[in-house]
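Letters A, B, ... mirror the listed sequences (proteins, then strands); counts begin at 1. Any value given below was found using the heavy atoms of this structure, including those in side chains, with hydrogens, waters and symmetry copies removed.
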2 protein chains.
Amino acid sequence: MKHLLQTIKIEVNKKTYLKDPESSALGKRIVEHSILLIHEIGFEAFTFKKLGDRISSNESSIYRYFENKHKLLLYLTSWYWGWLEYQLVFATNSIADPSEKLRIAIEIISKPVVLDTSFSHINEVLLNNIIINEYSKSYLTKEVDTENKEGYFEIYKRMVLRISEMIIEVDQEYPFPSSLASTALDGTLHQYFLTQHFPSLTNCNKEVTPTEYFSHLVFNSLNKNTNG
Amino acid sequence: MKHLLQTIKIEVNKKTYLKDPESSALGKRIVEHSILLIHEIGFEAFTFKKLGDRISSNESSIYRYFENKHKLLLYLTSWYWGWLEYQLVFATNSIADPSEKLRIAIEIISKPVVLDTSFSHINEVLLNNIIINEYSKSYLTKEVDTENKEGYFEIYKRMVLRISEMIIEVDQEYPFPSSLASTALDGTLHQYFLTQHFPSLTNCNKEVTPTEYFSHLVFNSLNKNTNG
DNA sequence: GCAAATATAATAGTATTACTATCACATACT
DNA sequence: AGTATGTGATAGTAATACTATTATATTTGC
């Protein structure tokens with residue numbers, strides 16, 4: 001599996017970058033250290049100037065890779081969802097039983113992220129934290145409809161669609177498969193945020209995982225046999 | 001009820017403002033038009049200079065009411081949650097049956113907002129839209145822990161706590177009351193956002209309301225009698 | 001191994017933002 | 001009438017979010 005993964009490149013929408021950061025050492029350093037720096041100071045305080053200083057490179061050089069920090073965020077988040085989608089597909093592909101498949105899917109999207117050595121310049125643990133803290137800022141903008149049309153959220157949408165299809169496989173009668181899938185995906189990020197900053201608003205913690213909560217939530221919604 | 005409401009003032013944390021905007025005509029105009037302008041151009045593009053131009057007043061005058069636009073957002077969002085909390089308490093207070101109480105609570109937090117004439121300078125419909133599009137930006141910051149300690153999110157937390165308590169009343173055994181309450185509150189905003197911008201990721205629309213979805217979700221999670 | 005192409009770095013410059021400070025004027029209150 | 005308070009106008013600063021230009025490396029193609 002390691003060998004297989006080494007040859008994999010996560011495909012993100014080419015419009016997120018001007019020049020593919022995977023195509024050069026500087027590009028990879030930009031991505032690597034943007035994750036570290038955004039994690040450290042937050043997306044609002046993050047600037048290309050600061051990143052340039054950090055990697056002993058120049059602001060203008062970074063602008064040759066990314067139009068602006070918003071596009072960089074779109075790149076990072078797309079990469080993350082592409083990476084997670086890969087995990088999802090890999091883990092659920094061979095499972096025949098619909099319930100077991102959905103169970104594993106929920107586990108994949110809600111379990112704590114661990115480092116993946118296949119992508120050495122990307123720290124998936126910190127990137128996951130950036131997703132928790134910054135992802136919604138990538139779509140809560142006035143440009144969301146334009147950018148959606150341009151395909152910047154394709155991978156995320158595909159993730160929701162996949163989970164939604166798994167839900168339908170478990171219960172054809174369930175009336176809200178897309179909503180439940182999007183709630184699980186968005187809700188997971190939210191529950192992790194709450195454990196970090198508003199522990200009184202969640203029951204998730206070191207012992208109780210979001211996976212338990214969402215498994216309970218999803219499976220109790222399904223096969224209620226409302227006609228029976 | 002109208003009479004009663006007219007004497008009500010929604011109490012927000014005094015630290016959100018330097019001078020109470022309710023205390024003067026200019027203050028009310030600032031609040032009124034900040035809602036219109038943020039709704040129009042989004043929080044990122046919103047500046048005190050633009051707001052000053054809009055109300056034929058001066059940037060510096062607005063700075064006398066609010067330290068910065070982040071604090072103004074905290075003011076607006078606190079006001080909104082305070083207003084919604086009032087609706088919640090008013091609507092559920094006299095209900096004895098725990099299930100019915102919770103049902104009404106879910107309805108209150110998830111139904112479309114309509115104009116409340118009791119607060120003439122505040123357009124609750126547009127404010128609700130600002131909450132949907134901007135609320136998470138008020139806490140997805142590096143300052144969240146400090147600001148949380150300073151009480152800026154008290155009303156929101158109280159809302160979650162109230163709903164969580166109602167959940168417990170319906171099912172003492174349910175292991176995730178806080179998580180379910182926070183999922184319902186945050187999830188509602190998310191589902192409304194999806195209907196507007198990512199309709200393929202939700203089943204909510206003109207016919208199917210978030211209320212139906214979340215009622216189904218919550219009540220099917222409860223009283224599963226896992227020990228039986 | 002050298003020229004040409006390309007990538008990167010350095011510098012400068014612009015418009016806007018997010019403020020702070022000062023002063024002038026208007027009104028309100030006593 | 002005199003003082004306090006609120007508001008408006010102007011100016012100024014540091015930082016941001018870029019763009020443009022030029023210089024200097026580095027790579028590559030022959």
Scan [X] against the nucleic acid and name what it touches under 4.0 Å (heavy atoms): base, sugar-phosphate only, or nothing.
X: B:Lys69; answer: sugar-phosphate
X: B:Phe66; answer: nothing
X: A:Glu59; answer: base
X: A:Lys49; answer: nothing

Over how many whole Å does the gap from [X] atom [atom1] to [N] atom [atom2] extend?
X: B:Arg64; N: D:dG8; atom1: CZ; atom2: C1'; value: 8 Å
X: A:Leu72; N: D:dC18; atom1: CG; atom2: C1'; value: 15 Å
X: A:Lys19; N: C:dT6; atom1: NZ; atom2: C1'; value: 8 Å
X: A:Ile62; N: C:dA7; atom1: CD1; atom2: C1'; value: 14 Å
X: B:Phe46; N: C:dC19; atom1: CZ; atom2: P; value: 12 Å
X: B:Lys28; N: D:dT7; atom1: NZ; atom2: P; value: 13 Å
X: B:Ile30; N: D:dG6; atom1: CD1; atom2: C1'; value: 11 Å
X: A:Leu18; N: C:dA7; atom1: CG; atom2: C1'; value: 14 Å

Ring centres under 6.0 Å, that's the criterion: do B:Tyr65 and B:Tyr17 meet it?
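Not under 6.0 Å, so no.
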
Is the ring centre of B:Tyr135 less than 6.0 Å from the ring centre of B:Tyr156?
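When the ring centroids of B:Tyr135 and B:Tyr156 are compared, they turn out to be within the sub-6.0 Å range.
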
Check: A:Ala45 main-chain N/O paired with A:Lys50 side-chain donor or acceptor under 3.5 Å
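Confirmed, A:Lys50 side chain pairs with A:Ala45 backbone.
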
Nearest of [options] to any side-chain atom of [X]?
X: A:Leu26; options: C:dA9, C:dC19, D:dA17; result: C:dA9
X: B:Ser57; options: C:dA10, D:dG8, D:dT16; result: D:dG8
X: A:Tyr65; options: C:dA7, D:dT7, C:dA9; result: C:dA7
X: B:Ser60; options: C:dT11, D:dA17, C:dA21; result: C:dA21
X: A:Thr47; options: C:dA9, D:dT16, C:dA21; result: D:dT16
X: B:Ser24; options: D:dT7, C:dA7, C:dA9; result: D:dT7
X: A:Tyr63; options: C:dT8, D:dT7, D:dC18; result: D:dC18
X: B:Lys50; options: D:dC18, C:dT17, D:dT16; result: C:dT17

Closest-nucleotide ordering on DNA chain D, the 5'-leading residue of A:Asn58 and A:Glu44
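Nearer the 5' end of the strand: A:Glu44.
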
Taking B:Arg158 first and then B:Glu85, would you say they form a salt bridge - that is, a charged N and a carboxylate O separated by under 4.0 Å?
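Salt bridge: yes.
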
For B:Phe153 and B:Trp81: C-alpha separation, side-chain torsions, deciding distance, then whether ring-ring contact (aromatic ring centres under 6.0 Å, His included) applies.
CA-CA 9 Å; B:Phe153 307 105; B:Trp81 294 120; over 10 Å; no

Could you tell me whether A:Lys49 atom NZ has more than 12 heavy atoms of other residues or ligands within 6.0 Å of it?
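At most 12 heavy atoms, drawn from other residues, nucleotides or ligands, come within 6.0 Å of this atom.
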
